[in-house]
Every structure is written in C-alpha cells, then in structure tokens.
A.B. asks: 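One structure, as structure tokens, below. Some questions next.
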Amino acid sequence: MRKSFRHYRLERWKKTRQKGFWHYVLIRGLLGWGVSSAAGLLLAMFFFFDTPITNFSALMTLFVYLLISFLRGCIKWVMMEKQFKETQ
C-alpha cells in the first residue's frame, strides 16, 4: 500500500521533532533559510543591480533575514505541531 504525502510528511515530522524546537529553528530556520536568502539577496544586488555592498547594508540585510527566519521557524514549528496533534 502506498503512503500518502500527508502520512509521509508526518513521519518526517516525528523524526524532526525528536531533535527539538531549538535545533529546528536554528538549522532549518536561521541557517537553512535565513543565511542563504540573505546571501542570495546580497549577491543579486551586487551582480544584477551593480550596487556596492557596504558593511552596513550587509549587516542590516543579514540581521533582518535572521530575524524573519527565526520567526518563520517558530511559526512553522507551531503549525506542524498542530497538524501532528490533530492526527494523534
């Protein structure tokens, strides 16, 4: 019998939640999404718009993306926990 996507996702979530909230927020949120997105934005600004990257703009971009990615990680954790508990 083939597993549904929802079942597969919940099985993955069981493994993820064993590592804990902070691991999820730091690895998936901050490092996985925040740093890579900030670096991508800075490189795009530099190459496509010929905008010089100053220390201030780089630090502000990184700070804003880290803050947003932290909040995003927290929200995603809460949403997945809610789905997980609904199926239990």
Side-chain angles (χ1 to χ4, degrees):
M1 186 171 136
R2 187 175 167 185
K3 294 182 181 180
S4 68
F5 177 72
R6 182 179 174 96
H7 180 74
Y8 172 73
R9 197 166 123 185
L10 289 175
E11 288 297 320
R12 274 189 21 209
W13 182 247
K14 283 181 188 178
K15 293 177 186 175
T16 301
R17 73 191 301 258
Q18 288 175 347
K19 295 177 184 174
F21 171 77
W22 289 111
H23 182 269
Y24 180 80
V25 170
L26 292 175
I27 300 300
R28 296 264 176 102
L30 294 176
L31 294 177
W33 189 81
V35 173
S36 59
S37 297
L41 177 68
L42 288 171
L43 289 173
M45 286 173 40
F46 180 73
F47 286 115
F48 295 125
F49 301 111
D50 199 27
T51 304
I53 299 173
T54 62
N55 290 340
F56 179 75
S57 68
L59 286 176
M60 285 305 295
T61 302
L62 186 62
F63 175 74
V64 168
Y65 269 86
L66 289 179
L67 179 63
I68 291 170
S69 64
F70 175 78
L71 294 173
R72 181 181 179 267
C74 293
I75 291 168
K76 285 191 67 150
W77 176 273
V78 170
M79 289 172 45
M80 287 303 294
E81 281 292 298
K82 183 179 175 187
Q83 283 182 6
F84 183 74
K85 289 181 178 166
E86 286 174 356
T87 60
Q88 298 298 317

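Just so you know, residue 1 is the first one in the sequence shown, and it goes up from there. This one's a predicted model, so the numbers in the text were calculated from it and none came from an experiment.
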A.B. asks: Using atom types as modelled, flag every donor-acceptor pair under 3.5 Å from a side chain in residues 15-23 to any protein atom, sequence neighbours excluded.
C.D. replies:
residue, atom, partner, partner atom, Å
Thr16, OG1, Arg12, O, 3.0
Arg17, NE, Glu81, OE2, 2.8
Arg17, NH2, Glu81, OE1, 2.9
Arg17, NH2, Glu81, OE2, 3.4

A.B. asks: Search all heavy atoms of Ser69 against all heavy atoms of Leu30 and return the closest pair with its distance.
C.D. replies: OG-CD2, 3.3 Å
A.B. asks: Using the rule that Ile, Leu, Val, Met, Phe, Trp and Tyr join whenever any side-chain heavy atoms are under 4.5 Å apart, tell me whether Phe70 and Leu26 fall into a single cluster.
C.D. replies: yes
A.B. asks: Indicate, with yes or no, if Ile75 and Leu67 share a hydrophobic cluster defined by side-chain heavy-atom contacts under 4.5 Å among Ile, Leu, Val, Met, Phe, Trp and Tyr.
C.D. replies: no
A.B. asks: Starting at CG of Leu66, measure out to CG of Leu71 and round the result to the nearest 0.5 Å.
C.D. replies: 11.0 Å
A.B. asks: How far does CD of Gln83 sit from CH2 of Trp13, to the nearest 0.5 angstrom?
C.D. replies: 9.5 Å
A.B. asks: Please determine whether residues Leu42 and Met60 belong to a single hydrophobic cluster, defined as Ile, Leu, Val, Met, Phe, Trp and Tyr linked transitively by side-chain heavy-atom distances below 4.5 Å.
C.D. replies: no
A.B. asks: Got a donor-acceptor contact below 3.5 angstrom from the Ser37 side chain to the Gly34 backbone?
C.D. replies: no
A.B. asks: Hey, could you give me the CZ/CD distance between Phe84 and Glu11, rounded to the nearest 0.5 Å?
C.D. replies: 8.5 Å
A.B. asks: Distance from Thr87 atom OG1 to Leu10 atom CG, nearest 0.5 Å?
C.D. replies: 4.5 Å
A.B. asks: Decide side chain to side chain contact (heavy atoms under 4.5 Å, CB included) for Arg28 and Trp77; before the verdict, give the C-alpha distance in whole Å, the side-chain angles of both, and the deciding distance to 0.1 Å.
C.D. replies: CA-CA 10 Å; Arg28 296 264 176 102; Trp77 176 273; over 6 Å; no
A.B. asks: Flag yes if Tyr24 and Leu31 sit in one hydrophobic cluster, no otherwise; membership is Ile, Leu, Val, Met, Phe, Trp, Tyr, and two members link when side-chain heavy atoms are under 4.5 Å apart.
C.D. replies: yes
A.B. asks: Mind checking whether Leu43 and Met45 sit in one hydrophobic cluster, side chains of I, L, V, M, F, W, Y counted as touching below 4.5 Å?
C.D. replies: no
A.B. asks: Testing the basics here: between Gly73 and Val25, what is the closest heavy-atom pair and its distance to 0.1 Å?
C.D. replies: C-CG2, 4.0 Å
